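Just so we're on the same page: letters track the sequence lines, and every chain starts at 1. It should be emphasised that the depicted structure is a prediction, and the values quoted were computed from it without experimental measurement.
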Amino acid sequence: MNADDETPDVYEEVIELAKRRGYLYPSFEIYGGVSGFWDYGPLGKELKKNIVDLWRDRYVVEEGFREIETTTVGAEQVYEASGHAEGFADYLTKCGGCGGYFRADHLVEDHSDVENADGLPREELAKLLADAEAPCPACGETITGEVTDFNLMFETNIGPGDSRKGYLRPETAQGIFVDFHRLKRFYREKLPFGVTQVGTAYRNEINPRSGVVRLREFNQAELEYFKLPDDELDLEEYRDVDVRLYPVGEQEKEDGEVLETTVGEAVDDGVIASESIAYFVAVSQEWYTEIGVDPSRLRFRQHLPDERAHYASDCWDGETLTSHGWIEVNGVADRGTYDLERHMEHSGEELRVFQEYPEPRVTEETLVDPDMSELGPRFGGDANKVADALEDLAENDPGAFEGDSVEVQVAGETHEIDVETTGFERREVKESGENVLPQVIEPSYGLDRIVYSVIEHSLDHDRPEDSEDERRVLRMSPSVAPYDAAVFPLVSKDGLEPIAEDVESRLRDAGLMVDYDASGAIGRRYRRHDEIGTPFTVTVDYDTKEDDTVTVRDRDSTEQQRVAVDELVEHLEERT
RNA sequence: GCGCCGGUGGUGUAGUGGUAUCACAUGGCCUUGCCAAGGCCAUAACCCGGGUUCGAAUCCCGGCCGGCGCACCA
């Protein structure tokens, strides 16, 4: 399968529909718009909300990974610690000839012996670039430009003037790591536990091109799962989940293929190295299916070693096939202990979690508490050295303290000291556990791309019987479709409207998301809601007046069924 | 960011120095008995800014947005 299966026209069709019907709007459109920013219209917001709700059902409700909400503006220190302030920046250079911008580190790597120029400081990179005399990839002229840094984070000031720098968060994850010292107490210091967050993140992309697929402000749903390095999630429940995997080995082959397997087998065969990562691949697979991503246009691709982020040791991306080709919709990454370690270093806060040993470990320890009021007067300036020598001796040769006196050598001289003066004590020490830095497994979802994939995968055309024209229909899963149902009077006369309005309000009272539509002929209204993706339409007709039944029409089959008004709510709830 | 191409009602379009065509959609009224029926009426557009010109949607320049190619995507 490849991207040619979808023509670029599909993207245009989806976007045209999405704009016209109220799914997606270009942001600031009346001022010309800014690329990389899109708004959700009424239907898009509802669709996204439903998708997020199902995500919460999986992760927060079922798995018990509590959700928090942290600020979108981050203090500078956060991103210094996370490595984003440095590592998230690209060093660019400008060609004097054509004016194009290029990655300075790439040019250096390509045109000199330097192999890994990525992490180099700017000055050094500038020097290397000058020496490399690299030709411009676009026009061929030798690059002599300065090296400037372009940070993908939006910068802002906190407080007046430039008193304090802040960044709009480039991922929601850091908020969780930064609150970890509180969260570990919330979970009463017991690993493993997980913390989720859903929210916006920002990346100042140089030139986002692919419409809604690359945004400068986007929505993430992330889980940080904290566990002991040797613990793995129990895969049992998900062993049989079918997945399509695209591991590194296959990607490196010319004609590499997607493996159709189960997560259980993938782990047994060593395709997915860790059960914990396999677990979240399986959860993802089930969730995608539930929200209406087409399983045949979904795969999980293992990151090639060189595309892993600075923190990740292994990573599998969920990808959907769209008119933009395969696009990344989520990643399941092993972030190791990187983030907590960095924040612990930078903040000085204890972020390790105390782990009790199954059995307390008992060790013998030798305590030396030299009596400085004796040693001081006797040795003067050498007193501290004598004390140190005693401590060394206690550690290396506790037996030396068994007599009345010990001998230590300081500055070439041997001193004899009363054991009583040294405060020597041999004792047992019980260690009941140790502080451990948790390992982090992170499933992270790009909600906007997922919403887009759901819309595009839903789009279909068919020709119902008794119809002249082709019908455009969004076959969206009822679990996520913006409207649960629409209510129509068959015609707008003979008192059908008040009855239809009554039916509408009964459905609303039951908590269903309902649209009422009396405009135009009935067929037109069916088509309108087909294109919106409303799974069921309820029509009030003349029989309703007689026997209190309505027609429920199924969006996908266009089949109709008589249902008693009193049973309508139950009927619809069963099917949505 | 660079190069090429483009931007006309909500959507799709016609037109190309003298303010704009048509269809669909939308709203109202009439009509309507289950898959985009019909009639009448109405609403509604030249991406933004500057220049040239008596006059610019049209020509020129810049910007913004979009498409393609290059570059970028931690």
Provide, to the nearest angstrom, the distance between the [atom1] atom belonging to [X] and the [atom2] atom belonging to [N].
{"X": "A:Glu546", "N": "B:rG33", "atom1": "CD", "atom2": "P", "result": "18 Å"}
{"X": "A:Phe488", "N": "B:rG33", "atom1": "CZ", "atom2": "C1'", "result": "16 Å"}
{"X": "A:Arg216", "N": "B:rC72", "atom1": "CZ", "atom2": "C1'", "result": "12 Å"}
{"X": "A:Arg562", "N": "B:rC34", "atom1": "CZ", "atom2": "C1'", "result": "10 Å"}
{"X": "A:Glu29", "N": "B:rG7", "atom1": "CD", "atom2": "P", "result": "17 Å"}
{"X": "A:Asp543", "N": "B:rG33", "atom1": "CG", "atom2": "P", "result": "14 Å"}
{"X": "A:Ile30", "N": "B:rG7", "atom1": "CD1", "atom2": "C1'", "result": "18 Å"}
{"X": "A:Glu12", "N": "B:rG6", "atom1": "CD", "atom2": "C1'", "result": "12 Å"}

- If the C1' atom of B:rU11 is compared with that of B:rU43, how far apart are they to the nearest Å? 15 Å
Rounding to an integer number of angstrom, what distance separates B:rC47 and B:rA57 when you compare their P atoms? 9 Å
With syn meaning chi within 90° of zero and anything else anti, the base of B:rU19 is syn
Inset, instruction - Count the heavy atoms belonging to other residues, nucleotides or ligands that lie under 6.0 Å from CD of A:Glu559, then report whether that count exceeds 12. - result: no
- Has A:Glu570 got more than 12 heavy atoms of other residues, nucleotides or ligands less than 6.0 Å from its CD? no
Can you find a side chain N or O atom of [X] that sits less than 4.0 Å from OP1 or OP2 on [N]?
{"X": "A:Ser35", "N": "B:rC64", "value": "no"}
{"X": "A:Ser492", "N": "B:rU32", "value": "no"}
{"X": "A:Lys493", "N": "B:rU31", "value": "no"}

Between A:Thr320 and A:Arg449, is a side chain to side chain donor-acceptor pair (under 3.5 Å) present by the stated rule, with each step listed? CA-CA 9 Å; A:Thr320 57; A:Arg449 289 179 171 190; over 6 Å; no
NZ or CZ of A:Arg553 within 45° of A:Tyr526 ring axis and under 6.0 Å: yes
Sorted by position of nearest nucleotide on RNA chain B, 5' first, the leading residue of A:Thr539 and A:Trp38 is A:Thr539
Watson-Crick or G-U wobble partner for [N], using a 3.5 Å limit on both distances?
{"N": "B:rC22", "answer": "B:rG12"}
{"N": "B:rC40", "answer": "B:rG28"}
{"N": "B:rG17", "answer": "none"}
{"N": "B:rG33", "answer": "none"}
{"N": "B:rC72", "answer": "none"}
{"N": "B:rC65", "answer": "B:rG6"}
{"N": "B:rA57", "answer": "none"}

Verify whether the ring centers belonging to [X] and [Y] lie closer than 6.0 Å.
{"X": "A:Tyr11", "Y": "A:Tyr452", "answer": "yes"}
{"X": "A:Tyr40", "Y": "A:Tyr25", "answer": "no"}
{"X": "A:Phe488", "Y": "A:Tyr516", "answer": "no"}

Next item on the list: Answer yes or no: is there a donor N or O on one side and an acceptor on the other, between the side chain of A:Asp547 and the main chain of A:Thr549, under 3.5 Å?
Entry: yes
Review point. Counting N and O atoms only, with roles assigned by atom type, does the side chain of A:Glu319 sit under 3.5 Å from a partner on the main chain of A:Arg299, one being a donor and the other an acceptor?
Key: no
Looking only at B:rC72, B:rG33, B:rC34, the nucleotide nearest the A:Arg214 side chain is B:rC72
When rounded to the nearest 0.5 Å, the distance separating CG of A:Leu474 from CG of A:Asp530 is 9.0 Å
task = Report the relative orientation of the aromatic rings in A:Tyr167 and A:Tyr79; use parallel for angles under 30°, tilted for 30 to 60°, perpendicular for over 60°.
result = perpendicular
In B/S/- notation (B base, S sugar-phosphate only, - none; protein heavy atoms under 4.0 Å), nucleotides 35-45 of chain B written 5' to 3' is BBB--------
So, with a heavy-atom separation below 4.0 Å from RNA chain B, the residues of residues 568-576 of chain A are none
